[in-house]
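All remarks here apply to the structure that follows.
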Amino acid sequence: MERILDKGRLGAWVAALADWTVLAPALQDGIWAYVPVAGAEEGLTLGHPNTVQPPKGQSFPQREVFFSFDETEDGKPRLTPLVPSPANRVVLGVRPCDGRALTHLDRVFGEEAPDAYYQARRGTLAYVGLACNKPPSRHCFCTSVGGSPFGEEGLDVLMIDLSDRYLVRALTPVGEALMTAGQGALTEAGADDRAEAQQRRLAALAHPQRTVAKPQAVPQRLKAGFGSALWERLAQPCIGCGICTFLCPTCHCFDINDEVAGQSPVCGSRVRTWDSCQFPDFTMHSSGHNPRADLGARLRQRVCHKFQYFFENHGAFQCTGCGRCITACPVGIDIVTVVNQVAAEAAPVQPADC
Amino acid sequence: MSEDPMTPYEPRIVAFLCKWCSSAGSDLAGVSRIQYPANATPITVMCSGSVSPQYILTAFRKGADGVLVSGCHLGDCHYLEGNYLARRKLFLVKELLEFIGLEPERFRMSWVSAAEGAKFAKVITDFVADLRPLGPQHKLQVQRP
Amino acid sequence: MINPAELHTRVRDLLEGGQVRAVIGYRRGTRGWAAEPVVIDRPEEAQDLVWDPSCVHNLALYLVQDRRRRGALGEPADQPIGILAKGCDARAIVVLMQENYLRRDEVYIIGLSCESSGMLDEHKLVGGAAGIDPQDLEAVGFEGDQFVLSSPHQQWRMPAAGVMADRCLECRNPCPKVHDTLLGNEPTEREPRGQARAGTLSEPFAELQRFERTAASAAARWDFWSRQFDRCIRCFACRSVCPMCYCEECMVDSIAFTVTPDTTAQEKADRLRWIERSASRSDNIGYHLTRALHLAGRCIDCGECERVCPVRIPLRLLNTKMERESRERFGYEPGASVEVAALLSSFRDDDPNDFIR
Amino acid sequence: MSGKRIGVFVCHCGNNIAGTVDVARVASALAAENGVVCTSDHAYMCSDPGQTAVIAAIKENALDGVVVSCCSPNLHERTFRENAKAAGLNGFDCEVANIREQCAWVHRDPGEATEKAIRISRVALRRLGRNRPLDPIDTGVTRRVLVVGAGIAGIQASLDLAAAGFDVLLVERQATIGGRMMGLSETFPTLDCSQCVLSPRMVEVARHPRITLMVSSEVEKVSGYVGNFQVKIRRQAAYVDPDLCKLCDDCAQVCPVVVPNEYELGLSARRAIFMPYPQAIPASYTLDEASCLGLNPVVCGKCRDVCETGAIAYDRKPETVVEQVGAVVVATGFDLYGQQRLGEYGLGEIEDVVDGLQFERLCSASGPTKGKILRPSDHRAPKEVVFIQCVGSRDPARHCAWCSKICCMYTAKHAKLFKHQVPDGRAYVFYIDIRSGGKGYEEFVQGVMEEDEVMYLRGRVSRVYQDGDKVRVFGTDTLSGQNVEIAADLVVLALAMQPSAGTATIAKTLKISRDKDGFLAEAHPKLRPVESVTAGVFLAGTAQGPKDIPETVAQASAAAAKAIGLLSQPRLSHAPTVAQVRPRLCTGCRMCVDTCPYDAIRLVHGKAVVTDVLCEGCGSCVASCLRAAIQVKNSTPLQMKEMIESVLRV
């Protein structure tokens with residue numbers, strides 16, 4: 001299903017989605033974030049760069065309570081599971097890189113051991129994507145990690161900006177439902193609309209971006225470069241914060257803690273929170289031994305997870321090239337540079353490779 | 001956290017009292033049978049200087065409506081100058097709590113000597129009276145789960 | 001004005017002469033115009049060093065990392081490490097020395113005077129008069145009291161004060177007081193800092209005062225701060241970037257807990273945890289307030305915590321609030337002297353007392 | 001929680017607790033707490049049956065912890081801990097919850113009081129839950145006492161200590177012992193001669209084999225702890241060797257310098273080399289470096305040249321000695337309230353306005369006037385003398401708030417001595433109240449008023465000024481309501497007593513506190529009046545507050561007795577609740593070192609180390625440590641957290 005949405009009618013479409021909570025990008029307290037919108041507001045537009053945080057938290061929130069626990073009168077433990085039952089949510093204006101990231105999360109939390117909490121949130125979540133006519137950030141590099149500025153993976157709807165209007169394309173049954181619900185705001189798309197959209201797509205693909213060199217060789221070369229001294233050198237300015245991982249649309253590491261609220265009777269809850277491989281205590285053993293004690297090892301873990309381990313397990317780079325970790329890194333650590341340098345060093349010395 | 005609208009709100013106060021002066025002063029209030037509200041639960045510490053700002057934050061985060069730190073008068077500290085250190089440190093705690101918008105009445109310090117039973121009673125009485133109009137403190141309180 | 005060639009020569013000489021084992025400085029990164037921290041140990045690398053309005057980082061952090069690394073490896077420091085230090089960086093080094101974390105002879109301070117300059121706040125470019133998208137920039141530079149910004153197609157000159165970071169506008173000691181060698185202008189009587197920048201500098205604590213004016217009531221302040229604390233994602237960039245946050249174990253971590261064969265499960269469960277990992281409002285408040293209190297008398301207002309915060313929590317407000325109270329009430333100036341006792345392990349008879357009943 | 005098996009015992013205290021608090025409900029609420037295996041309530045926990053019941057419960061239930069909810073721990077914590085020990089537990093396996101003074105006695109509403117009693121008991125339970133068994137720290141004892149100040153208080157304490165078989169190190173700042181009392185003439189109310197009473201004691205001190213006397217010396221630094229102090233003492237250069245000095249006065253005869261004699265309070269002059277007074281101990285001339293024309297290089301050298309025994313040497317140096325002692329008695333005495341602050345009475349400006357101590361010298365047979373009362377200006381015997389009491393005392397607005405206690409009595413004595421010498425003279429006393437509590441004191445004052453016909457005027461003096469050779473005194477007699485104007489020959493001011501000049505320094509050196517007026521503070525105003533807050537440091541005499549000679553002597557003996565009691569123990573024990581460093585977390589930032597009031601923490605290889613016996617467990621270091629690298633045993637942050645939580649539990 002493809003339709004045309006006049007830019008001025010965006011609010012009307014949102015207003016028609018009565019059964020959904022709609023989140024749209026807004027500049028709030030100085031940052032771009034997805035915030036709930038009711039719809040009919042005048043001037044609801046999608047002129048945003050990429051948001052500071054991806055919409056990852058909608059399916060994998062920073063804090064998830066698994067269950068609460070307490071003691072019964074006779075001192076026996078009692079668990080009360082707390083599986084979320086969120087309302088239907090639509091995230092509007094999702095960039096294709098973030099849409100694609102959702103499919104990676106689906107693999108992690110869905111394939112081998114389905115995560116009930118993730119599934120409950122994911123099942124009620126829809127992404128309405130917005131194609132990138134030009135890269136929203138100078139650090140974008142989606143094309144060299146297998147993505148596309150017009151990519152459709154993970155999205156339920158893709159909107160393509162045609163200056164005064166959007167071409168709106170349903171990609172899933174949920175997407176069709178969203179468009180059906182908003183049909184009052186949508187009009188038929190014509191061949192010229194489609195042609196213009198195609199033009200935009202070709203222009204976007206042709207737009208220069210940061211590039212990971214020889215991506216197909218990267219997993220192998222990272223593997224070869226595991227012991228490289230470059231890791232430590234590249235991590236030299238690293239301060240060991242969690243920005244790169246917490247802003248990443250695909251990072252999914254977590255910690256599980258019992259938050260004890262009272263000692264007598266014992267009560268509290270078991271909570272999953274985001275964790276970061278960049279934190280010094282991430283791999284700290286209770287013996288005091290830390291297998292990744294230095295910053296180089298932690299940088300290597302982050303990069304290799306994205307470009308080697310995930311590839312080995314799932315056949316795709318985990319990184320979707322959104323560029324957030326580059327933009328927000330306080331000291332300029334640039335994942336594209338890191339990958340390229342380590343891979344280049346590990347490249348077999350063959351003229352063809354240079 | 002359930003609140004029964006029918007029962008009037010009773011402020012919950014954590015009172016850190018130094019062992020040598022303020023706790024002894026509260027003992028004297030008892031010996032003198034001076035009546036004051038039962039809202040403050042004392043926790044005896046060796047010296048007001050040992051009260052870490054973390055204790056105060058934690059009390060608020062666990063739901064205290066008010067926190068009192070009471071020590072010896074200046075110059076009377078059993079440990080010579082612990083109360084001077086406490087005063088400087090807790091002044092900053094007070095300023096910071098007010099700065100983020102906690103009502104200034106919720107954190108209080110006093111000097112109560114072992115001979116000031118009546119003063120101890122007054123400190124508690126005044127504190128409770130000042131806390132009543134504010135209602136329960138939820139700003140810093142942990143909401144679980 | 002600091003001539004880059006002079007900087008390069010000075011650093012090369014130090015490395016060549018073996019006076020320092022390495023130099024912590026800035027170089028051009030791969031992600032555009034912004035400088036990035038670097039540690040160089042070969043004389044020929046000296047020419048990579050840059051000095052421009054993007055040299056925002058407080059390099060004292062890397063002294064802490066250096067000590068940690070040496071501590072882990074058991075490497076004795078037979079030679080000092082060199083460091084480029086702005087006024088704020090130098091104050092941080094003083095606090096580290098005051099706290100016995102660093103000895104004066106372990107560090108060679110190459111002072112860089114910000115006397116007629118300061119650092120760029122890229123957020124001020126967006127929506128500013130020129131409407132420059134920092135993403136379009138290629139380079140930034142000093143030129144007198146102006147910044148020169150260049151994109152591939154265009155060049156802008158603008159008064160530095162208009163786009164300078166608040167911390168620099170409010171800075172009282174832009175020239176490092178402690179140094180082994182100094183590049184740039186020493187502050188002079190004739191040309192005090194304010195005049196050098198044509199009266200466009202802010203009063204000390206200007207942002208703090210502005211906030212206090214706009215949020216005068218407790219309710220207004222709470223409205224503001226609860227929103228800020230709710231946003232925190234606990235990435236700990238504020239902590240990680242801070243040269244003063246060098247505790248072996250942060251109150252929000254548990255990395256120092258080690259077990260022995262006879263450690264019981266009970267003891268493991270009994271680890272003291274003041275603040276949970278949950279990025280909840282209360283835990284975030286616990287974290288940020290504790291951090292502000294731990295920095296009282298130690299924060300030298302390099303403003304790095306606020307700069308790096310990805311969700312833009314105005315952390316400088318908390319720290320400058322503590323700084324101003326310490327200054328006005330206790331006469332304490334962080335980073336001014338190695339000799340004095342720390343703010344919170346000292347007192348004066350006339351400290352404020354009127355808040356006590 | 002700790003996995004301990006805990007019993008909770010709630011005391012009714014007759015009706016004292018049970019009258020307000022529902023003790024059974026407290027017991028049942030505590031029974032529901034984790035770790036509590038038995039609870040009970042008793043009429044009187046502190047009674048023998050109560051304590052026996054606790055012991056029985058400990059054995060029966062194999063308890064390893066006991067909470068007793070009862071009265072203030074100040075009363076019975078020790079009782080219940082000893083009781084727990086009797087049952088085989090450690091003292092720290094017992095905690096006391098104060099539900100009487102802090103609860104039952106101060107609240108009327110039984111419901112509220114009961115709930116609070118439960119919370120208080122829970123706090124004690126949480127503290128107990130993480131207490132570790134600790135044994136007192138055992139230390140040895142140095143059976144030797146430092147006495148600081150050799151006035152009558154220091155002399156008395158030294159003699160008592162020495163008589164009990166303890167070695168004494170008596171340190172005096174001045175060149176002779178004797179202190180203020182040596183400058184007095186006769187003493188009230190018996191009018192016995194001060195020097196006659198004191199001199200034998202001074203000689204005894206000098207000759208006692210157990211007393212080591214150090215004059216012209218000051219305590220510079222004290223380190224260590226009760227039973228084992230190290231004291232650093234600096235002794236000024238002794239240019240005259242007391243053992244060689246034959247008191248011939250040849251040296252003073254040739255000395256060209258003339259300066260006011262401070263031992264005569266400026267009423268006479270002395271040479272740079274002189275004998276403070278004839279009874280001085282040590283019996284020796286002394287060379288005052290400050291007024292000498294010059295020792296380095298030697299400017300004059302006459303005294304050395306004339307001395308037949310060769311007692312004088314100019315090249316002697318000050319020396320510093322370090323001594324070991326087990327206890328300290330501080331008896332640093334008083335000064336009169338500063339003259340410069342009392343210009344309104346003409347003191348220091350009008351020659352014939354003198355203070356009480358100067359008048360003592362004028363009355364003293366060994367004084368500058370050989371006991372004849374002559375006024376300073378023209379050495380005539382005064383006929384009209386005005387005595388003014390409470391000069392500086394009892395004047396909180398402008399001077400000292402306190403009563404100096406002895407002025408009423410010595411003023412009466414002064415008036416009497418004057419009247420005895422000048423029977424036709426007239427004496428007036430301006431006073432606020434007459435405070436003459438003490439054996440024979442009131443009778444003495446009455447005698448002065450009635451038999452000696454001294455004129456007592458109730459009121460303050462408004463103005464004193466020189467008028468020709470008279471000193472004119474304006475005042476008001478508030479009893480008659482009339483203004484009084486007296487043309488006096490001499491005015492004597494009863495100045496307030498204040499702590500001696502070095503009191504602040506010695507307090508700091510010894511780490512003892514001072515009260516708001518600057519006098520040394522006793523540990524408890526009623527029950528520990530001669531102990532300071534620092535264990536092993538005792539107080540005697542006017543350094544602790546204004547008092548007369550008998551009281552001073554009594555307090556000195558009391559301080560000596562306390563020191564004897566302390567040092568008679570073969571070993572001393574120190575509370576084990578001391579700070580403990582977690583070296584892994586310590587960064588050596590020194591904040592704890594700066595914070596510690598007892599110098600108990602030092603850095604060793606960049607890490608803080610606590611000297612257990614110096615640590616008093618105050619916890620200032622804990623609150624100052626940013627790294628959570630130090631904590632006080634059995635008052636840990638974890639305990640604090642759990643106690644806070646137990647208060648706020650819903």
Side-chain angles (χ1 to χ4, degrees), chain B residues 1-2 10 12-17 19-20 23-24 26-56 58-59 62-64 67 73-82 85-86 89 114-115 117 120-121 124 141, chain D residues 71-75 98 100-109 111-117 119-120 122-123 127 507-508 511-516 521 523-525 533-534 577 595 597-598 616-625 628 632 635 637 640-641 643-650:
Chain B
M1 186 95 2
S2 63
E10 282 296 336
R12 298 192 297 168
I13 299 170
V14 178
F16 297 99
L17 310 181
K19 176 186 163 99
W20 304 96
S23 190
S26 79
D27 279 359
L28 182 60
V31 171
S32 321
R33 308 296 200 278
I34 304 168
Q35 302 294 302
Y36 58 86
N39 302 62
T41 308
I43 293 179
T44 304
V45 294
M46 293 303 271
C47 177
S48 55
S50 76
V51 176
S52 156
Q54 196 60 257
Y55 303 165
I56 295 159
T58 298
K62 298 288 172 182
V67 176
H73 285 277
L74 296 173
D76 287 356
C77 178
H78 185 79
Y79 304 105
L80 310 172
E81 48 198 39
L85 293 162
K89 191 159 40 207
F120 180 81
I124 301 291
Q141 192 179 5
Chain D
C71 53
S72 168
N74 288 333
L75 295 170
N98 179 354
R100 190 179 75 174
E101 283 84 347
Q102 290 183 340
C103 187
W105 276 351
V106 287
H107 308 310
R108 281 196 193 94
D109 183 284
E112 289 177 3
T114 303
E115 286 307 309
K116 181 171 165 185
R119 291 197 299 271
I120 292 174
R122 277 185 192 150
V123 167
R127 191 191 289 276
K508 204 161 185 181
K511 302 185 183 67
I512 57 179
S513 53
R514 295 188 300 148
D515 62 25
K516 64 182 191 328
H524 189 282
V533 291
T534 298
T577 46
T595 305
Y598 302 103
E616 293 288 323
C618 70
S620 288
C621 53
V622 181
S624 79
C625 182
V632 174
S635 298
M640 291 304 299
K641 178 168 181 270
M643 287 192 276
I644 294 165
E645 285 170 348
S646 74
V647 172
L648 296 166
R649 193 190 312 158
V650 193

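All values reported here derive from a predicted model rather than from experimental measurement. To find a chain, count down the sequence lines: A is the first, B the second, and so on, and within it residues start at 1.
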Evaluate the criterion side-chain contact (heavy atoms from CB on, under 4.5 Å) for residue pair D:V632 and B:M46; output intermediate values, then yes/no.
CA-CA 10 Å; D:V632 174; B:M46 293 303 271; 5.8 Å; no
Checking [X] against chain D: side chain, backbone, both or neither under 4.5 Å from a heavy atom?
X: B:F16; result: side chain
X: B:A40; result: backbone
X: B:L85; result: side chain
X: B:L74; result: neither
X: B:E10; result: side chain
X: B:S23; result: both

For the [atom1] atom of [X] and the [atom2] atom of [Y], what is their distance to the nearest 0.5 Å?
X: D:H524; Y: B:W20; atom1: NE2; atom2: CH2; answer: 11.0 Å
X: D:N74; Y: B:L28; atom1: CG; atom2: CG; answer: 11.5 Å
X: D:E112; Y: B:N39; atom1: CD; atom2: CG; answer: 6.5 Å
X: B:K62; Y: D:I644; atom1: NZ; atom2: CD1; answer: 9.5 Å
X: B:T58; Y: D:E645; atom1: OG1; atom2: CD; answer: 8.0 Å
X: B:S52; Y: D:M640; atom1: OG; atom2: CE; answer: 9.0 Å

Toward chain B, the part of [X] with a non-hydrogen atom under 4.5 Å:
X: D:N98; value: side chain
X: D:T577; value: neither
X: D:P637; value: both
X: D:L75; value: neither
X: D:R100; value: neither

Under 3.5 Å: donor-acceptor pair, side chain of [X], backbone of [Y]:
X: D:R119; Y: B:T41; value: no
X: D:K641; Y: B:Y55; value: no
X: B:Q35; Y: D:R108; value: yes

Under a 4.5 Å cutoff for heavy-atom pairs, which residue among D:D515, D:D109, D:I120, D:V622 has the most contacts with chain B?
D:I120
Closest approach of [X] and [Y], non-hydrogen atoms and distance?
X: D:A623; Y: B:G49; answer: CB-O, 3.2 Å
X: D:P597; Y: B:E81; answer: CB-CG, 4.5 Å
X: B:P37; Y: D:H107; answer: O-CE1, 3.3 Å

What residue among B:V14, B:I43, B:T44 forms side chain to side chain contact (heavy atoms under 4.5 Å, CB included) with D:V123?
B:I43
When heavy-atom pairs shorter than 4.5 Å are enumerated against chain D, which of B:A59, B:S32, B:G82 gives the highest number?
B:A59
For a side-chain contact (heavy atoms from CB on, under 4.5 Å) check, start with the C-alpha distance between B:V31 and D:E101, then their side-chain angles and the critical distance, and finish with the verdict.
CA-CA 6 Å; B:V31 171; D:E101 283 84 347; 4.2 Å; yes
Begin with the C-alpha distance, continue with both residues' side-chain angles, and end with the deciding distance and a verdict on side-chain contact (heavy atoms from CB on, under 4.5 Å) for D:C618 and B:H78.
CA-CA 9 Å; D:C618 70; B:H78 185 79; over 6 Å; no
Does D:Q102 reach the side chain of B:D27, with side-chain heavy atoms less than 4.5 Å apart?
yes
